[in-house]
Trainee: 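Here it is: the structure, laid out below.
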Amino acid sequence: MKKKKSAGKSEQYIETIEVVGAREHNLKNIDITIPKNKLVVFTGVSGSGKSSLAFDTIYNEGQRRYMESFSAYARQFVGDMERPDVDKISGLSPVISIEQKTTNKNPRSTVGTITEVYDFLRLLFARAADAFSYNTGKLMTKFSEEEIVENIFERYSGKKISLLAPLVRGRKGHYRELFEDIRKKGYVKVRVDGEIKDLVPKMQVDRYKIHDIEVVIDRMPVTPDMKVRLSQSVQKSMQAGKGLMFLLLNDNDKVIQYSRQLMCEDTGISYEEPSPNSFSFNSPYGACPNCKGLGTVYQISMEKIIPDWDLSIKEGAIAPLGEERDAYSYRQVQQVAKKYKVDLKKPVNELSASALNMVLYGNEAGSDDDTVVNFEDGAVSGQLYSEEFEGVIPQLKRWFTSASSEGIREWVEGYMELSTCSTCNGARLRKESLWFRVDGKNISELSELNLDKLLEWFTGLESRLSNKQKLISKDILKEIRERLQFLIDVGLTYLTLNRSSKTLSGGESQRIRLATQIGSQLQGITYVLDEPSIGLHQRDNHRLITALQNLRNIGNSVLVVEHDKDIMMAADHLVDIGPRAGKFGGSIVAQGTPQEVLASDSETAMYLNGQKRIPVPGERRKGSGKTLELKGASGNNLKNVSVKFPLGKLILVTGVSGSGKSTLINETLYPILSQHCYDSKTKPLPYKSVKGLEHVDKVIEIDQSPIGRTPRSNPATYCGFFTEIRQLFAAVPEAKIRGYAAGRFSFNVKGGRCDLCEGGGMRVIEMNFLPDVYVHCEKCNGKRYNRETLEIRYKGKSISDVLDMTVDDAVEFFQAVPYLHRKIKVLQEVGLGYITLGQSAVTLSGGEAQRVKLATELSKKDTGKTFYILDEPTTGLHFQDIQHLLDVINKLVDRGNSVLVIEHNLDVIKVADHIIDIGPEGGDGGGCVLFEGTPENMIAVKESHTARFVKEELRSQ
């Protein structure tokens with residue numbers, strides 16, 4: 001230990017984090033000493049207690065201490081954070097957690113806004129960009145008053161001119177007070193809507209029309225002796241016109257604009273002084289006025305409005321209108337049809353364009369006739385009233401934008417499709433903002449570049465800038481380059497700044513937050529990370545390891561919960577927790593350097609040193625002989641890809657991060673299958689054709705999105721067996737005597753639940769600028785139910801006790817209830833024996849949520865023609881758990897189903913029956929199918945990065 005004398009006292013620097021008596025969740029009163037300023041990896045089987053130690057003990061204690069630093073006044077709003085179940089933690093520095101939590105789903109959130117690179121880009125464009133006219137494309141200029149005088153003498157010498165100051169531009173009103181005010185100041189002429197008029201008392205204009213009004217400041221010839229007068233008049237004009245002045249050539253009435261702002265000399269248009277907000281799609285000053293900065297708009301889809309052109313209007317050809325019936329909207333159409341002689345019984349494909357347009361667009365149809373029709377008042381027989389017919393489509397648009405009912409808006413949305421905004425072409429910004437350029441590129445074009453290409457563009461940018469731009473942008477460019485380099489260092493080369501955050505995987509969003517933290521250059525922090533390798537190809541693992549080591553090297557402690565072999569071996573200190581999951585875990589099995597852990601007999605060590613392996617199957621499945629063939633897929637970065645999916649096999653889709661796997665499967669193949677099986681409205685990305693759909697009658701996508709977004713949602717409710725548990729409790733004699741039905745045991749309805757937390761068990765404390773904090777309800781102590789409900793017991797357990805049971809315990813507890821036992825058993829089979837039935841959805845990792853979904857689907861009956869799609873199901877799984885998962889997947893395939901898995905894990909890839917490898921690189925460098933076939937045949941593909949690692953894995957068997 002280092003010691004330092006300070007103010008006469010010895011102060012000791014603690015070089016370790018000491019945890020004494022940790023008992024959170026399943027931890028067995030453990031003591032552990034963790035070295036500071038090192039890369040420390042916690043590993044062990046899923047549910048062994050890694051997260052309980054790293055997050056629920058170390059991180060939560062750090063956060064609690066931070067809350068304690070608030071004043072008593074602030075804490076009364078926050079509430080006290082519960083202390084973790086631990087005796088003592090010493091040597092703990094400020095803690096930052098980088099978890100797998102889901103990213104912001106706001107459509108306005110992008111990679112650029114999360115990483116703050118876009119904020120620096122906005123600053124660069126506001127201060128150093130050149131502005132160009134959107135009419136002529138010419139460079140725009142600013143004029144000072146002296147430059148305006150010189151320009152006038154240069155261009156209009158010897159001519160008679162008038163100088164005008166604009167006061168009103170494109171506004172309604174009578175402006176009597178304005179004219180009177182101008183007259184009192186001594187001016188005698190004004191120009192109203194292009195016409196020079198003398199100012200007279202009580203002058204006014206039509207208040208209901210739009211007007212342009214300028215005051216004539218001076219009229220003079222442009223001669224040398226008038227230079228002083230011209231200079232004074234220009235100054236007055238600029239002052240009165242607030243930076244804008246018009247010059248009128250008296251001989252031809254031509255108007256020339258001069259502005260202190262950016263101005264086009266040829267057309268006279270001017271731009272406001274740019275600010276960073278001018279380039280923000282989240283600000284009204286920069287956002288496209290049509291799409292409000294989203295880049296996409298909902299538009300009426302004619303395919304959905306008229307799905308079958310062979311039907312007549314009477315038969316329901318116009319879907320929102322429906323078949324003939326006694327409804328107000330249909331009576332309107334009948335009256336319009338009667339007035340304009342539209343045959344409602346004739347198929348719409350035989351109607352004239354004008355007749356159909358009259359029904360669809362009403363008074364927007366462009367007809368010379370009016371569309372006023374007479375209706376009979378339903379309340380007063382025989383009484384008629386007149387009303388203009390709006391048209392089916394304008395009515396839908398009005399309901400979509402102004403209806404107060406969410407149900408109506410959702411109904412209208414069913415007849416619309418999301419398409420790129422026609423005003424900004426998806427750039428999100430207003431027209432003027434897109435004409436500011438740095439080295440020939442606008443901010444939207446830079447946001448479309450892959451991050452590695454963007455960094456390449458910024459490299460050496462100074463040599464292409466003017467001296468003034470160099471001086472202004474020096475510090476901004478340094479920040480942008482550093483942040484881009486950090487993102488590339490963690491393997492995110494293929495992302496773009498405008499990529500929406502809701503499309504990012506858990507691993508991608510986590511690595512973005514990691515890069516942001518490296519960029520902040522904080523020191524003396526304890527970082528706690530949850531599986532940062534998710535979604536990362538082995539090729540890019542070294543980049544992530546380097547990034548973690550950089551975080552350590554600048555003086556931070558980096559604690560990582562991880563299952564990846566490369567990261568474990570790169571650790572300074574490795575902690576193996578186990579020996580098994582749930583109540584059989586929670587102990588330190590081995591710790592030390594990776595070599596010291598390898599020498600132990602722990603489960604992890606046996607897989608790392610090769611004593612245990614997931615075996616390669618002796619023979620690959622032949623499949624059903626039927627195939628699904630997709631041709632010409634060209635969405636995102638796919639390069640006109642054609643690929644065959646053999647059915648009845650375990651198919652693996654592999655490739656480096658960003659190569660196009662998700663585009664091909666999640667955004668093209670799945671929507672096609674979903675449309676075929678369920679008539680889904682989800683639109684696939686572009687493709688030419690698909691064959692073999694008749695061989696699939698059910699498609700199930702199991703992704704890593706949360707099973708719920710509130711603490712109420714849990715595995716028991718998601719899997720559907722909680723209803724049966726409630727029915728069991730309702731059948732207990734005591735419950736029958738009291739008259740309790742199954743609803744009494746639901747925490748989502750009034751009656752049996754706790755009134756204070758409304759069955760949540762937790763109360764949400766809104767933290768404004770910090771993430772919301774969940775604290776136990778003080779009335780029910782997290783049990784969710786009121787006292788009367790908890791008095792009902794089944795086999796000695798209350799309904800709350802059952803929710804607190806682990807899956808392993810529940811399997812044993814409900815063994816005598818076959819229909820319930822079977823459903824819970826499936827959760828155990830997918831490796832989730834350690835989670836509790838009532839575990840809050842917000843505490844489940846992406847991988848755990850995915851396995852809950854997988855268990856839900858497994859408990860249903862399959863058809864033998866089901867197509868399963870899994871996206872990285874090994875997330876959060878130890879080697880041993882991967883074996884359990886493969887057993888489950890193999891059962892599905894053996895029953896004749898097809899299972900397609902998007903995966904980077906070599907243990908899963910090597911057992912596949914069929915591999916589809918996409919690449920060779922990410923982003924623009926990917927999008928090609930490199931290989932289709934068995935793992936053994938794949939190793940010959942030289943351009944495939946995956947093949948290189950598969951070859952090593954098969955060789956080591």
Side-chain angles (χ1 to χ4, degrees), residues 17 19 22 24-25 27 32 34 36-43 49-69 78 81-86 89 91-104 114-115 486 490 501 504-534 544 547-548 550-552 554-563 567 571 575 577 706 711 762 764-765 767 769-775 840-849 875-876:
I17 299 169
V19 180
E24 195 68 34
H25 298 150
L27 296 179
I32 184 171
I34 302 165
K36 289 178 79 170
N37 299 340
K38 299 290 182 187
L39 174 56
V40 180
V41 173
F42 295 97
T43 191
K50 305 181 298 298
S51 295
S52 297
L53 178 59
F55 287 95
D56 300 328
T57 303
I58 296 173
Y59 171 67
N60 279 5
E61 175 62 11
Q63 195 178 38
R64 188 190 70 82
R65 290 180 186 183
Y66 170 63
M67 292 297 180
E68 289 294 322
S69 69
V78 175
M81 277 196 71
E82 197 173 327
R83 183 189 173 97
D85 192 359
V86 62
I89 300 180
L92 190 61
S93 54
V95 182
I96 292 175
S97 109
I98 305 176
E99 298 179 71
Q100 284 178 44
K101 60 184 178 185
T102 51
T103 46
N104 191 345
I114 297 169
T115 58
F486 295 140
V490 293
S501 67
L504 297 172
S505 70
E508 284 170 339
S509 59
Q510 195 178 5
R511 291 200 298 281
I512 283 174
R513 289 195 293 275
L514 174 61
T516 307
Q517 288 300 330
I518 298 170
S520 67
Q521 295 287 297
L522 294 175
Q523 295 179 1
I525 303 293
T526 299
Y527 286 100
V528 188
L529 291 89
D530 189 8
E531 286 200 84
S533 67
I534 300 166
L544 175 62
L548 294 172
N550 287 342
L551 206 54
R552 172 201 66 191
I554 60 175
N556 298 299
S557 304
V558 183
L559 313 184
V560 184
V561 174
E562 188 57 85
H563 293 112
I567 295 177
V575 180
I577 301 177
M762 311 279 279
V764 183
I765 309 296
M767 298 287 288
F769 58 90
L770 289 171
D772 291 346
V773 172
Y774 293 97
V775 296
S840 170
V842 296
T843 66
L844 293 173
S845 69
E848 286 169 336
T875 300

Trainee: Supply the atom-to-atom distance I534 CD1 to E562 CD, rounded to the nearest 0.5 angstrom.
Mentor: 7.5 Å

Trainee: Which value, rounded to the nearest 0.5 Å, describes the distance between S97 atom OG and I58 atom CD1?
Mentor: 12.5 Å

Trainee: If you apply the rule side chain to side chain contact (heavy atoms under 4.5 Å, CB included), what do you find for K50 with E531, and how did you get there?
Mentor: CA-CA 11 Å; K50 305 181 298 298; E531 286 200 84; over 6 Å; no

Trainee: Holding to side chain to side chain donor-acceptor pair (under 3.5 Å), I want the full list of residues that pass it with S557, two or more places apart in sequence or in another chain.
Mentor: none

Trainee: For the residue pair F55 and L529, what are the closest heavy atoms and their distance?
Mentor: CZ-C, 3.8 Å

Trainee: Please evaluate residues I34 and F42 with respect to the criterion side chain to side chain contact (heavy atoms under 4.5 Å, CB included), reporting the C-alpha separation (whole Å), side-chain torsions for both, the decisive distance (0.1 Å), and the verdict.
Mentor: CA-CA 11 Å; I34 302 165; F42 295 97; 3.8 Å; yes

Trainee: Should I96 and L522 count as side-chain neighbours, where that means a heavy-atom distance under 4.5 Å?
Mentor: yes

Trainee: Mind checking whether L544 and L514 have side chains closer than 4.5 Å, heavy atoms only?
Mentor: yes

Trainee: Looking only at non-hydrogen atoms, find the nearest pair between F486 and Q521 and report the distance.
Mentor: CZ-NE2, 4.1 Å

Trainee: Measure the CZ-OG1 distance between R83 and T57 for me, rounded to the nearest 0.5 Å.
Mentor: 11.0 Å

Trainee: Hey, what do you get for CG (D85) to CG (L27), rounding to the nearest 0.5 Å?
Mentor: 9.0 Å

Trainee: What pair of heavy atoms forms the shortest contact from I554 to L551, and how long is it?
Mentor: CG1-O, 3.3 Å

Trainee: Of all heavy-atom pairs between S52 and E24, which one has the smallest distance, and what is that distance?
Mentor: CB-O, 4.0 Å

Trainee: Mind listing the closest non-hydrogen atom pair of A547 and V490 along with its distance?
Mentor: CB-CG1, 3.4 Å

Trainee: Do P532 and I98 come close enough that some side-chain heavy atom pair is under 4.5 Å?
Mentor: no

Trainee: When rounded to the nearest 0.5 angstrom, what is the spacing between OG in S501 and CD in E508?
Mentor: 11.5 Å

Trainee: So, using side chain to side chain donor-acceptor pair (under 3.5 Å) as the criterion, who are the partners of N37 when residues are at least two apart?
Mentor: none

Trainee: For S93 versus G524, what's the shortest heavy-atom pair and its separation?
Mentor: CB-O, 3.1 Å

Trainee: Report yes or no: does S509 contribute a side-chain atom to a donor-acceptor pair with the main-chain N or O of L504 at less than 3.5 Å?
Mentor: no

Trainee: Please round to the nearest 0.5 Å and tell me the distance separating atom CD1 of I32 and atom CG of L53.
Mentor: 5.5 Å

